[in-house]
Amino acid sequence: MKIASWNVNSINARLPRILEWFDAATPDVCVLQEIKCLDEKFPVGAFEDRGYNCELHGQKTYNGVALLSKFPVEDVIRGLPGNDDDDQSRYIEAMVFPDDAEPVRVGGLYLPNGNPAPGPKYDYKLGWMAHLKARAEALLKTEEAFILTGDYNVIPQAEDVHNPAAWADDALFLPATRAAFREIENLGLTDALRHLYPYDVFYTFWDYQRGAWQKDHGIRIDHVMLSPQAADRLTSGGVDRTTRDPGFGSQEAKPSDHVPVWITLD
DNA sequence: ATGGTTGGTAGCCAA
């Protein structure tokens, strides 16, 4: 089964390109971030036509996440457990039941950006990461296969950014951010794409400004984190850079600044 | 050091 994550930066502004990618990549499960709309404004029909069940946790203007699955889902959770006073829609989770594999729990997340740092937005980011760590700890105790994937807004290491010095004071790369990410990883989760490609340089986001895409000045901030039971089933994975190209597929809409990441499990 | 680009919205804010 194929599981993907994509920060689409508005589902409605980008729908033709997104559908083009779905038709080509055919993920079984895909979590989306920054849908930037209320649930009733999400184009459910376009995805139902393609066989997806749509679970939504939308929000007006900002944020908003979705979990789309060709397989049945149960136990849908909207919002990060234990973070009940959070009014931003950044987390959705569900148990997925493939017809040809064991169930897997999928959490889709849009971790706060945190800039400017220091400041209240950065405090919110670190607090959110502490809640995510707690969720990972709780799920690990179940010994289930699970995946926590999405836009982490964390550059884990210097090799994950074109120019580390330029990002030294950014909330995505500050030592405290990277330490919080390592705390989650070191609970026993596998960074699937880094695991598959330990020595490659590859990015998942390029700023719209300064010709970052054309110069490949990117950062790796979209991650697929696997529980041990999920990591045992990992067979492949990748980053679909082509969706970032202005010439990709339908040109009725401009590209997202993020590209999809995906893995397969057996 | 600055500016540059998007989307959603009518708050120029968030990224």
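Labels below follow one simple rule: chain letters A, B, ... track the order of the sequence lines, proteins then strands, and each chain is numbered from 1.
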Residue list, side chain to side chain contact (heavy atoms under 4.5 Å, CB included) with A/N115, at least two apart or on another chain: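 Partners of A/N115 under the side chain to side chain contact (heavy atoms under 4.5 Å, CB included) test: A/N113, A/D170, A/A171, A/L172.
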Set of side chain to side chain contact (heavy atoms under 4.5 Å, CB included) partners for A/A166, sequence neighbours left out: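 Applying side chain to side chain contact (heavy atoms under 4.5 Å, CB included) to A/A166 gives A/N163.
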Any side-chain heavy-atom pair of A/F181 and A/M225 under 4.5 Å: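 A side-chain contact under 4.5 Å exists here.
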Which ones in [range] lie close to DNA chain B, meaning a heavy atom under 4.0 Å from one of its atoms?
range                       : value
residues 204-224 of chain A : A/Y208, A/Q209, A/R210
residues 239-247 of chain A : none
residues 161-175 of chain A : none

Consecutive-pair stems (at least three Watson-Crick or G-U pairs, under 3.5 Å) that include DNA chain B: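 Only these stems qualify: B:5-7 with B:13-15.
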Atom pair distance, as rounded to whole Å: [atom1] in [X] and [atom2] in [N]:
X      : N      : atom1 : atom2 : result
A/Y124 : B/dA15 : OH    : P     : 9 Å
A/K125 : B/dA14 : NZ    : P     : 15 Å
A/D151 : B/dA15 : CG    : P     : 10 Å
A/I18  : B/dG7  : CD1   : C1'   : 12 Å
A/L111 : B/dA14 : CG    : P     : 17 Å
A/I35  : B/dG7  : CD1   : C1'   : 14 Å
A/H258 : B/dG7  : NE2   : P     : 13 Å
A/Y122 : B/dA14 : OH    : C1'   : 18 Å

Any residue meeting ring pair (Phe, Tyr, Trp, His ring centres under 6.0 Å) with A/H131, in chain and number order, not counting sequence neighbours: none
Ring pair (Phe, Tyr, Trp, His ring centres under 6.0 Å) partners for A/Y91, two or more places apart: none
Heavy-atom neighbours of A/E143 CD exceed 12 at 6.0 Å: no
Carboxylate-amine/guanidinium proximity below 4.0 Å for A/R194 and A/D160: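 Judged by the 4.0 Å cut-off on N to carboxylate O distance, A/R194 and A/D160 do form a salt bridge.
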Ion pair A/D200/A/R220, N-O distance below 4.0 Å: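 Salt bridge flag = no for A/R220 with A/D200.
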For [N] and [M], measure between their [atom1] atoms and round to the nearest Å.
N      : M      : atom1 : answer
B/dG11 : B/dT5  : P     : 25 Å
B/dG3  : B/dT9  : C1'   : 23 Å
B/dA1  : B/dC12 : C1'   : 22 Å
B/dA10 : B/dA14 : P     : 14 Å

Working for ring pair (Phe, Tyr, Trp, His ring centres under 6.0 Å), residues A/H217 and A/Y203: CA-CA 9 Å; A/H217 291 184; A/Y203 307 130; 8.9 Å; no
Listed nucleotide nearest any side-chain atom of A/T61, set B/dG7, B/dA15, B/dT9: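 The answer is B/dT9, which lies nearest to the side chain.
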Candidate nucleotides B/dA15, B/dT6, B/dA14, ranked by approach to the side chain of A/Y62 - the nearest: B/dA14
Sequence-distant partners of A/H195, side-chain hydrogen bond (donor to acceptor under 3.5 Å, both in side chains), two or more places apart: none
Check: A/W6 ring centroid to A/W262 ring centroid under 6.0 Å: no
Within the 6.0 Å centroid threshold, strictly below: A/F22 and A/Y52: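 When the ring centroids of A/F22 and A/Y52 are compared, they turn out to be within the sub-6.0 Å range.
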Pair listing, salt bridge (Lys or Arg N to Asp or Glu O under 4.0 Å) test, anchored in residues 65-76 of chain A, at least two apart: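 Of all non-adjacent pairs touching residues 65-76 of chain A, those that pass salt bridge (Lys or Arg N to Asp or Glu O under 4.0 Å) are A/D75-A/R105.
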Nearest-nucleotide comparison on DNA chain B, the residue closer to the 5′ end among A/K254 and A/N115: A/K254
Whichever of A/K121 and A/K36 has its nearest DNA chain B nucleotide further upstream toward 5':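 In this pair, the answer is A/K36.
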Short side-chain N/O contact to B/dT9 OP1/OP2 from A/K60, under 4.0 Å: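 No, outside the criterion.
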Transitive ILVMFWY cluster of A/Y62, excluding itself - 4.5 Å side-chain cut-off: none
Residues clustered with A/Y199, ILVMFWY side-chain links under 4.5 angstrom: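 Its cluster mates, by chain and number: none.
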